[in-house]
Protein chains: 2
Amino acid sequence: MTDLFAPLVDDPAYRKIAILIEQRIVARTLRTGDALPSETDLARQFGVNRSTIREAIRELEIHGLLGRERGEKRLRVTRPEPQRVSSGVSRALALHDVTFMELWEAMMAIEPAAAQYAASRRTAAQLRGLTRASTRFSEGTGDTAAAVAAVVDFFTAVAEASGNRVLALAQSPLNLLLEPALSAIIDRVPQARSRIEAAQSKIIDAIKLNKSEQARTWMEKHIRDFKRGYELDLPTIRELEGH
Amino acid sequence: MTDLFAPLVDDPAYRKIAILIEQRIVARTLRTGDALPSETDLARQFGVNRSTIREAIRELEIHGLLGRERGEKRLRVTRPEPQRVSSGVSRALALHDVTFMELWEAMMAIEPAAAQYAASRRTAAQLRGLTRASTRFSEGTGDTAAAVAAVVDFFTAVAEASGNRVLALAQSPLNLLLEPALSAIIDRVPQARSRIEAAQSKIIDAIKLNKSEQARTWMEKHIRDFKRGYELDLPTIRELEGH
DNA sequence: GATAATCGGACTGTCCGACAATTCTGCCAC
DNA sequence: GTGGCAGAATTGTCGGACAGTCCGATTATC
């Protein structure tokens, strides 16, 4: 049943080196904050050319495992910033032409849960963040882009307040996809803005009072609202952008 | 209030080039399957050295935007494979020392939704995939690793059957985190295996009969079971691995 | 003595040139 | 058309080089 032979693969040196260094980081032999040896030194240690080392560390840098403080020259071990990885997920989803319904269903799964946990765990600072995002939406002028950004920021703030980094990281890629989709419809649906405003207000109230179930319920309503205008056709996010 | 000056940032050439090429890909000027010009040619076009080009395309290759068929030399534009991006997310979460409870809550949000949509949309082939994974679990010998892998595969199969790529991609990183966690507990909790077996069976039945609500409910029960043993302490996934 | 200016060394980003191994391509024979 | 082949093209890797910038230590200044 299973193949007798596996395809012959021979990773280039820069890949092997990247993997070796990555293992050290994941195993915490190299710990967050540690400075990496210089490229020249690494080249010596691995017995390869500096160009090869550079290609290897490029990979780790992109993964967010290595980075430098602003204006610093030496690389150090860092933790991958959530934003960096989620932007990669967003791009992947966009390139796969996911439909708005797919996005919507995922939001429907994730956001209410985030709201629920936010209600029981939010800190005072996080609550302020929520209020700020909501205010920015309701006080915004007609500017569509700004309104959409405020809606997205509200979701981000809820996810952060959930105190759950897995949920937050699952939620984050949705934002970048929601933005173009929402821009296309927020001005098409009458009352969209007033409904968003009302829902956000209800959600914040529930989170403020630690009412988990109410927070979840209102978030569900909030997201259901987004589905309007999509009932009939199932455009890809890309098409919404006008391509 | 706001700074008068922003910090001076000057991306290195290889980053700028990577961004330029990425834009072409995202905008579909370069379309999936298209072959990229040779490194030498790109170097000429951008007016930089080949080494610089190599570092730039390394970035895109890592993102999964460029790749080559097995045994092919030229790079072509590819769609990021979900598996590639989700492994990055997993690694990020692991390095942030997320707790099992965070993982569990995320599963609780995503898996039941996936099961629900799977029940209404699964193809016959996907149903077979589900059954296969489930059989592999129930017929497995005592081997812990194999049992855990089968459980994970079952989740993957459900996510795939959901027909929702956003949900599937949100779910996928959870698998790599679940594996070590589940390995540590599956043999600690008596009846764990029989309960998993029963739940999988119920879920498959519901999906087979297109009973969305039942599928969701049984998936919820299935996942709730995983929480046993974690009620008191909140270990990070990493600690479960024995580090 | 503490702080500020100075200087040399170290390091990164980029370039140039080179070569072996492998893949691609056009051409030829069948 | 198929198969085979020589030559061209391409990638992975190497060595060396240099300008600009950062870092650390030393020296000068208050």
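Naming convention: chains lettered A, B, ... in sequence-line order (proteins, then strands); numbering from 1 in each chain.
- Contact annotation: R68(A) side-chain N/O to dG13(C) OP1/OP2 distance is under 4.0 Å.
- When the side-chain nitrogen and oxygen atoms of T52(B) are compared with OP1 and OP2 of dC15(C), one or more of them lie within a distance under 4.0 Å.
- Distances from the side chain of E39(A) to the nucleotides dT12(C), dC14(D), dG12(D) place dT12(C) closest.
- One N or O donor and one acceptor, one from the side chain of K73(B) and one from the base of dT22(C), sit under 3.5 Å apart.
- Of all heavy-atom pairs between I204(A) and S134(A), the closest is CD1-CB, 3.5 Å.
- For S38(A), taking side-chain heavy atoms from C-beta onward, the closest of the listed nucleotides dT12(C), dT14(C), dT13(D) is dT12(C).
- Summarising the geometry, the separation between CD on E61(B) and P on dT11(D) is reported as 11 Å, rounded to the nearest angstrom.
- With rounding to whole Å, R15(A) atom CZ is found 18 Å from dT11(D) atom P.
- Across the protein-nucleic acid pair, N49(B) atom CG and dC15(C) atom P stand 5 Å apart, rounded to whole Å.
- Proximity note for S51(A) (side chain, C-beta onward) versus dT12(C), dC14(D), dT10(D): the nearest is dC14(D).
- Ion pairing of R91(B) with E22(A) is present here, as a side-chain N (NZ or NE/NH1/NH2) and a carboxylate O approach within less than 4.0 Å.
- Among residue pairs with one or both ends in residues 146-174 of chain B, those qualifying as side chain to side chain donor-acceptor pair (under 3.5 Å) are E102(A)-R165(B), E105(A)-N164(B), S86(B)-S172(B), E111(B)-Q171(B), R136(B)-D153(B), T156(B)-N175(B), Q171(B)-N175(B); sequence neighbours excluded.
- The interatomic distance linking R44(A) (CZ) with dC14(D) (C1') rounds to 18 Å, in whole Å.
- Taking side-chain N and O atoms only, Y14(A) has no distance below 4.0 Å to OP1 or OP2 of dT13(D).
- Closest-nucleotide positions on DNA chain D for R74(A) and G47(A) were compared, and the one nearer the 5' end corresponds to G47(A).
- In this structure, R58(B) atom CZ and dG13(C) atom P are separated by 16 Å, rounded to whole Å.
- For E55(B) and dG13(C), the CD to C1' distance is 8 Å, given to the nearest whole Å.
- What separates CD of E72(A) from P of dT12(C) is a distance of 11 Å, to the nearest Å.
- With values rounded to the nearest 0.5 angstrom, I25(B) atom CD1 is found 9.5 Å from D34(B) atom CG.
- Atom CG of L36(A) and atom C1' of dC11(C) are 13 Å apart (whole Å).
- E59(B) and R58(A) are not joined by a salt bridge, as no carboxylate oxygen comes within less than 4.0 angstrom of a charged side-chain nitrogen.
- The base of dT13(D) sits with one of its N or O atoms less than 3.5 Å from a complementary donor or acceptor on the side chain of R50(B).
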